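If you're wondering where the values come from, they're calculated on a predicted model, not measured in any experiment.
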2 protein chains.
Amino acid sequence: MHGTAEQDILCRTDLFRGLSPDSLRALRRSATRRRLATQDPVFHQGDRAETFYVVAEGRLRVTQTTADGQQVIIRYVGPAELAGLAVLAGDDLHPSTATAVADSEVIGISRAVIREIMARHPEVAMNAVSVIAARYREMQQRLREMSTQNVERRIAHTILRLAREAGRRTARGIEIAFPLSRQDLAEMTGTTLHTVSRTLSAWEGRGLVDSGRRRVVVRRPHELAMLADAAG
Amino acid sequence: MHGTAEQDILCRTDLFRGLSPDSLRALRRSATRRRLATQDPVFHQGDRAETFYVVAEGRLRVTQTTADGQQVIIRYVGPAELAGLAVLAGDDLHPSTATAVADSEVIGISRAVIREIMARHPEVAMNAVSVIAARYREMQQRLREMSTQNVERRIAHTILRLAREAGRRTARGIEIAFPLSRQDLAEMTGTTLHTVSRTLSAWEGRGLVDSGRRRVVVRRPHELAMLADAAG
DNA sequence: CGATCAGTTGAAAGTCCTCAACACAGGTGG
DNA sequence: CCACCTGTGTTGAGGACTTTCAACTGATCG
């Protein structure tokens with residue numbers, strides 16, 4: 001059962017798109033599966049980059065910590081997405097930390113195996129180029145947001161993005177389907193948890209969102225999007 | 001003469017490292033060379049991504065413009081570096097604009113050619129992964145700076161980076177070897193030209209830098225680095 | 001030599017952060 | 001079962017940092 005799910009996940013990733021069933025089977029044999037509880041670490045910033053991971057189920061948070069201990073969230077990684085891209089590039093060390101934010105299952109693939117696959121199957125190497133280029137573009141967009149938008153718009157954009165990636169339709173609106181605290185949002189938008197709290201309170205007063213302890217529901221996505229695209 | 005220089009540049013890029021002399025010769029034949037004067041555009045945000053460029057000489061500025069016309073500088077690109085990475089990933093459109101900031105020479109390579117080379121020579125595709133991953137890491141670092149540091153430290157980091165990439169030793173200190181205005185620095189650090197001007201004036205008063213019309217010289221790199229790494 | 005571009009600086013205003021105090025939920029252990 | 005402890009969230013007050021607005025200076029270029 002799980003074996004099948006695993007293969008499904010692998011062939012549904014952008015990275016392995018187009019790889020032959022035979023190669024996928026071989027890959028699956030050399031991959032390791034790991035179950036994670038909430039808060040379990042996958043790898044740490046500064047670890048040797050020996051293995052990267054495909055998320056089969058659940059969600060990881062990828063963070064970087066500065067010399068003086070401040071943390072920023074680079075990204076959340078969901079099913080069929082990758083964590084540990086440094087391994088694809090052959091870098092020595094993981095530049096970031098990955099942690100499960102929900103019960104998760106990941107498939108680990110070693111540097112040796114993926115490098116060999118890329119060397120033998122150029123289409124996989126070219127997929128890797130596309131995957132990393134997509135992340136690069138994402139990062140450019142966030143940099144642009146950080147450079148040009150005020151805090152409120154950045155929070156709005158961030159919540160809308162998360163709702164798109166990990167939203168669950170409910171009676172009350174679109175619920176972000178993993179625990180998300182004020183502090184988390186602050187680390188994604190370059191602000192403080194206090195400012196996030198004030199902003200969400202204001203939105204709650206206007207009926208745009210409904211939020212509480214590590215929980216955010218977007219009640220009026222369209223109005224929130226208007227706010228995100230307004231000047232300022 | 002130029003032919004030789006051109007081949008030198010191509011085989012000195014990280015992208016084509018390890019490619020055989022024969023393939024390099026073939027590549028050189030299908031590449032186009034273009035001379036650019038200061039301010040000449042190379043490609044525009046939104047253009048079809050048909051060609052990417054290796055800088056043979058000079059320097060390009062890569063920017064993104066927001067819907068409301070604000071500009072941010074993604075990066076400066078110097079000799080042996082690439083502009084137009086979207087082409088490598090097979091994306092449809094250039095997400096950014098590249099412009100010469102000095103008299104330059106670039107070598108253009110079409111999407112069809114590079115995709116074919118990557119398909120035939122997996123080592124080039126893997127090089128491409130490394131090149132883009134390095135850019136991704138750079139972008140992560142800048143995002144972290146934007147998220148956690150005040151304006152003064154961001155400007156300090158930015159100037160030190162430019163001095164490292166494009167610095168020229170002079171009697172007075174390390175001079176950034178291309179025209180760089182207050183506005184440019186503002187677009188790299190997410191602030192305004194006024195704040196950059198005030199900051200540089202203060203530094204000038206302390207003898208850290210020497211700057212003027214589109215010109216920055218770092219007089220005391222070490223002290224500037226201390227400032228860049230201090231808290232705040 | 002006039003027009004334009006780049007830079008400087010003061011004053012006022014605004015955004016956002018810091019500090020502080022409190023509220024509330026959920027789990028733990030007595 | 002309840003008291004406590006910790007993690008999370010809220011909100012006020014004050015202040016720091018940065019922007020905005022404005023006026024001015026000097027350099028560059030046709």
Novice: Looking at A/R215, I'd like to know if its CZ atom is crowded, meaning that more than 12 non-hydrogen atoms belonging to other residues, nucleotides or ligands lie closer than 6.0 Å.
Specialist: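 Result for CZ/A/R215: enclosed.
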Novice: Round to a whole Å and report the spacing from CD of B/E152 to C1' of D/dA16.
Specialist: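 From B/E152 CD to D/dA16 C1': 14 Å.
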Novice: Can a side chain N or O of A/R213 be found less than 4.0 Å away from OP1 or OP2 on C/dC24?
Specialist: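 So the side chain of A/R213 is outside the cut-off, no N or O lying under 4.0 Å from OP1 or OP2 of C/dC24.
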Novice: Starting at atom CZ of B/R182, determine the distance to atom P of C/dC5, rounded to an integer number of angstrom.
Specialist: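 That distance rounds to 18 Å.
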Novice: If you measure from CG on A/L15 to CZ on A/F52, what distance do you get to the nearest 0.5 Å?
Specialist: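 Here the interatomic distance stands at 5.5 Å.
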Novice: Among residues 194-209 of chain B, which residues get a heavy atom nearer than 4.0 Å to DNA chain D?
Specialist: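 Residues of residues 194-209 of chain B that come under 4.0 Å of DNA chain D are, in numerical order, B/H194, B/T195, B/R198.
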Novice: In whole Å, what is the span from the CZ atom of A/R215 to the C1' atom of D/dG7?
Specialist: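 Taking atom C1' of D/dG7 as the reference, CZ of A/R215 is at 17 Å.
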Novice: Figure out the CG/P separation between A/L193 and D/dG12, and round it to whole Å.
Specialist: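 Atom CG in A/L193 sits about 16 Å away from atom P in D/dG12.
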Novice: Do the ring planes of B/Y76 and B/F178 sit parallel (below 30°), tilted (30 to 60°) or perpendicular (above 60°)?
Specialist: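 Aromatic pair B/Y76/B/F178 classed tilted.
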Novice: Counting C-beta onward and ignoring hydrogens, is there a side-chain heavy-atom pair between B/L227 and B/R206 closer than 4.5 Å?
Specialist: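 A side-chain contact exists here, since the closest heavy-atom pair is under 4.5 Å.
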Novice: If we count only N and O atoms by modelled type, under 3.5 Å, do the side chains of B/R182 and B/S211 hold a donor and an acceptor together?
Specialist: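 There is such a pair (donor and acceptor under 3.5 Å, judged by atom type) between the side chains of B/R182 and B/S211.
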Novice: In this structure, how many angstroms lie between the C1' atom of C/dG7 and the CG atom of B/L185, rounded?
Specialist: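 After rounding, the reported distance stands at 13 Å.
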Novice: Do the side-chain N or O atoms of B/S181 get closer than 4.0 angstrom to the phosphate oxygens (OP1, OP2) of C/dA6?
Specialist: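 No, B/S181 has no side-chain N/O under 4.0 Å of OP1/OP2 on C/dA6.
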Novice: According to a strict under-4.0 Å criterion, is A/T192 in side-chain N/O contact with OP1 or OP2 of C/dT18?
Specialist: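 The answer is no; no side-chain N or O of A/T192 sits under 4.0 Å from OP1 or OP2.
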